Asker: 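Input: one structure, supplied below.
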Amino acid sequence: MFIANRSSLTVRPEQPYIDWANSFPDGLGWIEGESTAYLTPEFLDEAAEQAWLRENYSLIFEHELSAWDADESTWPKERDWETFRAWFRLEHQPLVYDLGDTPLETEEDL
C-alpha cells in the first residue's frame, strides 16, 4: 500500500442530473448511489483546489453528460459553474491510497 500523489474528487449527481438522465425514453434510468471518482492533483489548500475546479469543471461536466448520452444536442444549454454545482455534489478526499498489487496503468499502457 502506498499514498498516491493525487487527491480524489467524487462527483455525485443531484436531482437535475437525475431528472435529465431519466428523461430518455430508451434509457435504463439513473441508478441511485452512482457516482464517479476522479484523481486530481494534490492541493496545498482549499483555495488552490477551488481554482483548479473552476478551471476544469467543464471537462468533468461534459464527461458526466457524455457518459450518459454522447449526443450533445441533449445536453443542457447552460453548462456554467452554477449549473455544474446544481447538477453535482462534489466530495474531495485529499489522501489516496493504492491498495492494488499491480502497477497503475493508463489507457496508453494497454
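Computed from heavy atoms alone, side chains included, the values below leave out hydrogens, waters and symmetry copies. In this text the structure is predicted, and so the values were computed from the model without any measurement. Note that the numbering runs from 1 along the sequence shown for the chain.
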Asker: Check for a donor-acceptor pair, side chain of W75 on one end and backbone N or O of D69 on the other, with a separation under 3.5 Å.
Answerer: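 The answer is yes, because a donor-acceptor pair under 3.5 Å joins these two groups.
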Asker: Can a donor-acceptor pair be found, under 3.5 Å and without considering hydrogens, that links the side chain of W20 to the backbone of T74?
Answerer: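 Yes, because the side chain of W20 sits within donor-acceptor range (under 3.5 Å) of the backbone of T74.
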Asker: Please state whether the rings of Y17 and W87 are parallel, tilted or perpendicular, taking 30° and 60° as the class boundaries.
Answerer: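 Judged by the thresholds at 30° and 60°, the geometry between Y17 and W87 is perpendicular.
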Asker: Could you tell me which non-hydrogen atom of E78 sits nearest to which non-hydrogen atom of D80, and how far apart they are?
Answerer: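 For E78 and D80, the tightest heavy-atom pair comes out as OE1-OD2, 3.3 Å.
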Asker: Please test R85 against L90 for side-chain contact (heavy atoms from CB on, under 4.5 Å), starting from the C-alpha separation and ending with a verdict.
Answerer: CA-CA 8 Å; R85 293 298 311 204; L90 307 177; 3.2 Å; yes
Asker: Would you compute the distance between atom CD of Q15 and atom CG of N22 and round it to the nearest 0.5 angstrom?
Answerer: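 Between Q15 CD and N22 CG, I get 8.0 Å after rounding to 0.5 Å.
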Asker: Around E46, counting heavy atoms of other residues, nucleotides and ligands shown, do more than 12 lie under 6.0 Å from its CD?
Answerer: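 No, CD of E46 has 12 or fewer neighbouring heavy atoms, counting only those of other groups under 6.0 Å.
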Asker: Between Q93 and T10, is a side-chain hydrogen bond (donor to acceptor under 3.5 Å, both in side chains) present by the stated rule, with each step listed?
Answerer: CA-CA 8 Å; Q93 301 301 321; T10 301; 5.8 Å; no
Asker: Using 0.5 Å steps for rounding, measure from the CD1 atom of I3 to the CG atom of D98.
Answerer: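 Answer rounded to 0.5 Å: 11.5 Å.
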Asker: How long is the straight-line distance from OH of Y57 back to CD of E82, given to the nearest 0.5 Å?
Answerer: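 E82 CD to Y57 OH: 7.5 Å, rounded to 0.5 Å.
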Asker: Roughly how far, to the nearest 0.5 Å, is CG of L95 from OG of S7?
Answerer: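 Here the rounded value is 7.5 Å.
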Asker: Which pair of non-hydrogen atoms, one from T40 and one from S8, has the smallest distance, and what is that distance?
Answerer: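 Smallest interatomic distance, heavy atoms only, reads OG1-N, 4.2 Å.
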Asker: Please confirm whether the ring centroid of F61 lies under 6.0 Å from the ring centroid of F88.
Answerer: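 Yes: the rings meet the under 6.0 Å criterion.
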Asker: Between V96 and I60, is there a shared hydrophobic cluster once you connect ILVMFWY residues whose side-chain heavy atoms come closer than 4.5 Å?
Answerer: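 No, V96 and I60 fall in different hydrophobic clusters.
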Asker: What about L39 and L53, same hydrophobic cluster or not, with Ile/Leu/Val/Met/Phe/Trp/Tyr joined at side-chain heavy-atom distances under 4.5 Å?
Answerer: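 In one cluster with L39: L53, no.
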Asker: Minimum heavy-atom separation for E14 and R89, please, with both atom names.
Answerer: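 The pair with the smallest heavy-atom distance is OE2-CB, 3.2 Å.
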Asker: Which distance, rounded to the nearest 0.5 Å, do you find between the CZ of R54 and the CD of E49?
Answerer: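 R54 CZ to E49 CD: 12.5 Å, rounded to 0.5 Å.
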Asker: Just how far is it from atom CG of L65 to atom CZ of F84, taken to the nearest 0.5 Å?
Answerer: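 Going from the CG atom of L65 to the CZ atom of F84 covers 10.0 Å.
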Asker: Hey, is NE2 on H63 packed in by over 12 heavy atoms from elsewhere, all under 6.0 Å?
Answerer: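 Not buried by this count: 12 neighbours or fewer within 6.0 Å.
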